[in-house]
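One structure below.
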Amino acid sequence: MPEKNKEPNVEEINEVLTKRAIAFPTAEIYGGVAGIYEYGPVGTMIRQKIMSLWRSFFVWSEDNVFEIEGSLLLPEPVFKASGHLDTFNDPLVQCEKCKSMFRADHLVEDTTGERADALSLEELEAKIKELNIKCPKCGGPLGEPRQFNLMFGTYIGATKGHPAYLRPETAQNIFLDFRRVAHAMRATLPFAIAQIGRSFRNEIAPRNFLVRMREFTQMELEIFAHPEQLNDHPNFYEVEDKIIRLLTREMQKKGETEPMSLTIKEAFEKRYIPNQFMAYYIAKEAMFIEELGIPTDNFWFRELLEEETAHYSAANFDLEIKTPMGIIECVGNAYRQDYDLSKHSKYSKTKLVIQYKNKPVVPHVVEPSFGLDRIFYILMLVSYRGEEDRKWSWFKLPPHIAPFHVKVCPLMKKDGLDDAAYEIYQELKDSFDVIYDQTGSIGKRYARADEIGIPYCITIDYNTLENDTVTIRDRDTMEQIRVSHEDLDEVLSLLIDEGESWENIKEDFGLPEPKE
RNA sequence: GCGCCGGUGGUGUAGUGGCUAGCAUUAGGGCCUUCCAAGCCCUCGACCCGGGUUCGAAUCCCGGCCGGCGCACCA
């Protein structure tokens, strides 16, 4: 969750995101809706690249990971089973005098010292009366407790048919589809089902732009493993030396705030992380976040405190990232055990088991859940560069995440430079995300490229017509080198796909600038 | 949800009861231009929404919406 120490430039960044139509309020011509946002062309392209990187990390490079796309609208019984109908209903009371809102169950708990989260509204009201609980703030009388449901509800069918809800998490579809997918894909333990999709929560107070949204995108993975297999991940050796930063529950209780650094192997062997499957994914998450260009020092995994932990989860680790607007949680890891499959099995009267060594077993579930919008927003926040070092703001996005890899410009739109440039643009289109720009001065076009984080600009000048060379301008250094047209594809592919450094490219491919 | 503050072209702003609603920038078009937001000309574009007060409302009042901050909330 974001902390309060906002730096002044967050609003500036939000403004740039809106101005450039990267992300902006939904239905803004009607005044907008709190907590719902649109992504414009540039935002969409960046998000596609994050999703694609996620797939390559967690789906394509793994064995036995099956991606699905579930429906957003699910019938009520699903949420009776999952527990969301109960736990997503927060009982709130309002002070009749100062209008402050409180959790009714929390007030009762604070007064009695006993758990009250299972009490009904009527019971809570009775307790409040009985114990004569007053407003903790002003001592005024409290009103009746009301349910505040965080799910968006509706009805399926023309005449008040079946109650249904927009899913509050993507996970449920995976459990619902578990049996059919496992069967059809001939899955054997361990295996995983992945999903990228929208979820909906009717937040009481959405805030902080893309951090707390009412409609948001999750990238989730439910990993199914035999309960006795949880410390035996087949590929753990591949990640075991990965160093992560970790803040355990113990450390937090002692008031420590600085995470420790250790290898994932050590974190697992000391049982800071309760099972090897979870450890494996935590290591991969760290690699994924680094691949997005977030420095290792800026993120860590924090074990949630008991009171922050959901009832079904035996262990929770959040990946938290330090940003200009505070600490933002962007991945949640939960060990859901057999909670979901057992519940759905019971409520649906369907056996949700899989065969393992000729015996039926209810697998245990490890769940890494990524908030795509938050990851996207964090990337924009941390890559943002204000107007200190140049006369315009820019985004230092990693080349492979940038909306466009390359902008192609004719130095001027005459003398055939424009035609030559357009030809090179068409040619590069096959391998890269390219945009063509011939309007305005060349400096202005470089500035426009910087503003949306395009890492490289190719400029076609009079030398191109003479000796078939072009210049490449590097966003980060603003330096320019000349390379031969022939090498262009290779140079760009080294820079963008291979992550080759600008310095090395300069050395290996840079040509001397021809004399006037 | 509560409280405080705010809302004028895409963006930043000027405008304290009577303006043809001004400026800068962006964007589109044109001229010019041999590498980092050059210059010149033309053009598009705004008073958040709904009521009320008033001869007259961007301006005052009420309600709503949106945003910021604080509180509460965040399975």
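Quantities reported herein were computed from a predicted structural model and do not represent experimental measurements. A note on names: the letters A, B, ... follow the listed sequences, proteins ahead of strands, and every chain is numbered from 1.
- Nucleotides B:rG6 and B:rU13, compared at atom P, are 15 Å apart to the nearest Å.
- Base pairing analysis places B:rA14 opposite nothing; no Watson-Crick or G-U wobble pair with both distances below 3.5 Å involves it.
- Distance CD (A:E11) to P (B:rC5): 18 Å, rounded to an integer number of Å.
- Base-pair partner of B:rC66: B:rG6 (Watson-Crick or G-U wobble, both distances under 3.5 Å).
- The nearest heavy atom of RNA chain B to A:R214 and to A:G440 marks one nucleotide each, and the one closer to the 5' end goes with A:G440.
- Using a 4.5 Å cut-off on side-chain heavy atoms (C-beta onward), A:R336 and A:L341 make no contact.
- Computed from coordinates, the A:Q438 CD to B:rG28 P distance equals 11 Å when rounded to whole Å.
- Proximity of A:Y37 to the phosphate of B:rC66: no side-chain N or O atom is located under 4.0 Å from OP1 or OP2.
- A distance of about 13 Å separates the C1' atoms of B:rG56 and B:rC19, rounded to the whole Å.
- Both A:R473 and A:V33 lie close to RNA chain B; mapped to their nearest nucleotides by heavy-atom distance, the more 5′-ward contact belongs to A:R473.
- Backbone-only engagement by A:E15 is indicated by non-hydrogen atom pairs under 4.0 Å involving sugar-phosphate atoms exclusively.
- Contact annotation for A:Y339: no contact, since no heavy-atom pair falls under 4.0 Å across all strands.
- Comparing atom distances between the A:R212 side chain and each of B:rC74, B:rG29, B:rC36 picks out B:rC74 as nearest.
- Annotation: B:rC73 and B:rA37 have their C1' atoms spaced 45 Å apart (nearest Å).
- Here, B:rU8 and B:rA14 have their C1' atoms 9 Å apart, quoted to the whole Å.
- Here A:E451 does not pair with A:R448 in a salt bridge; the nearest charged N to carboxylate O distance is not below 4.0 Å.
- Counting to the nearest Å, the P atom of B:rG12 and the CD1 atom of A:I13 are 15 Å from each other.
- Between the CD atom of A:E28 and the C1' atom of B:rG67 there is a distance of 13 Å, given to the nearest Å.
- Between A:D476 and A:R385 no salt bridge is recorded (no basic side-chain N to carboxylate O distance below 4.0 Å).
- A:Y456 and A:W502 have parallel rings, their planes meeting at less than 30° on a 0 to 90° scale where 60° marks the start of perpendicular.
- Residue contacts for A:T18: at a heavy-atom cut-off of 4.0 Å it reaches no nucleic acid atom on any strand shown.
- Taking atom CD of A:E203 as the reference point, atom C1' of B:rA72 lies 13 Å away to the nearest angstrom.
- The P atoms of B:rC49 and B:rG29 are separated by 30 Å, rounded to the nearest whole Å.
- Under a cut-off of 6.0 angstrom, the local environment of CD in A:E503 is crowded, with over 12 non-hydrogen atoms contributed by other residues, nucleotides or ligands.
- Within 4.0 Å of A:A34, counting heavy atoms only, lie sugar-phosphate atoms of the nucleic acid but no base atom.
- Applying the salt bridge (charged side-chain N to carboxylate O under 4.0 Å, His left out) test to every pair with at least one member in residues 404-416 of chain A, sequence neighbours left out, gives these pairs: A:K407-A:D437.
- Among the nucleotides B:rG70, B:rC35, B:rG29, the one closest to any side-chain atom of A:T471 is B:rC35.
- Residues that satisfy the salt bridge (Lys or Arg N to Asp or Glu O under 4.0 Å) test with A:R482, not counting sequence neighbours, are A:D461, A:E513.
- Which of B:rG30, B:rC74, B:rU34 sits closest to the side chain of A:L411 comes down to B:rU34.
- Nucleotides B:rG17 and B:rA58 have their P atoms positioned 13 Å apart, rounded to a whole Å.
- A:Y425 and A:Y422 have tilted rings, their planes meeting at an angle from 30° to 60° on a 0 to 90° scale.
- Minimum interatomic distance between A:S369 and A:E220 (heavy atoms only, all atoms of both residues): OG-OE2, 2.8 Å.
- Here the nucleotide nearest the side chain of A:M412, chosen from B:rG10, B:rG68, B:rU34, is B:rU34.
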Report, one pair per line, the protein and nucleotides 37-42 of chain B atoms (nitrogen or oxygen only) whose separation is under 3.5 Å.
from   : atom 1 : to     : atom 2 : distance (Å)
B:rA37 : OP2    : A:K391 : NZ     : 2.5
B:rA37 : N7     : A:K391 : O      : 3.1
B:rA37 : N6     : A:E451 : OE2    : 3.0
B:rA37 : N1     : A:E451 : OE2    : 3.4
B:rA38 : OP2    : A:S441 : OG     : 2.2

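- For A:R475 and B:rC36, a side-chain-to-base donor-acceptor distance below 3.5 Å is absent, hydrogens and geometry of angles not being considered.
- Using Watson-Crick or G-U wobble geometry with both donor-acceptor distances under 3.5 Å, B:rA46 finds no partner in any strand shown.
- The C1' atoms of B:rC36 and B:rA46 are separated by 33 Å, rounded to the nearest whole Å.
- Nucleotide B:rC31 forms a pair with B:rG39, judged by Watson-Crick or G-U wobble geometry with both contacts under 3.5 Å.
- No hydrogens or angles were tested; on distance alone, a donor-acceptor pair under 3.5 Å links the side chain of A:Y446 to the base of B:rC35.
- The separation between A:E12 atom CD and B:rU13 atom P is 12 Å, rounded to whole Å.
- Each of A:K396, A:R473, A:R475 was scored for a salt bridge (charged side-chain N to carboxylate O under 4.0 Å, His left out) with A:D450, with one residue passing: A:R473.
- Following rounding to the nearest Å, A:F209 (CZ) and B:rG68 (P) show an atom-to-atom distance of 9 Å.
- A gap of 15 Å separates the C1' atoms of B:rU25 and B:rC44, to the nearest Å.
- Using Watson-Crick or G-U wobble geometry with both donor-acceptor distances under 3.5 Å, B:rA21 finds no partner in any strand shown.
- With rounding to whole Å, A:N208 atom CG is found 12 Å from B:rC74 atom C1'.
- Partner assigned to B:rA58 is none, using Watson-Crick or G-U wobble distances below 3.5 angstrom.
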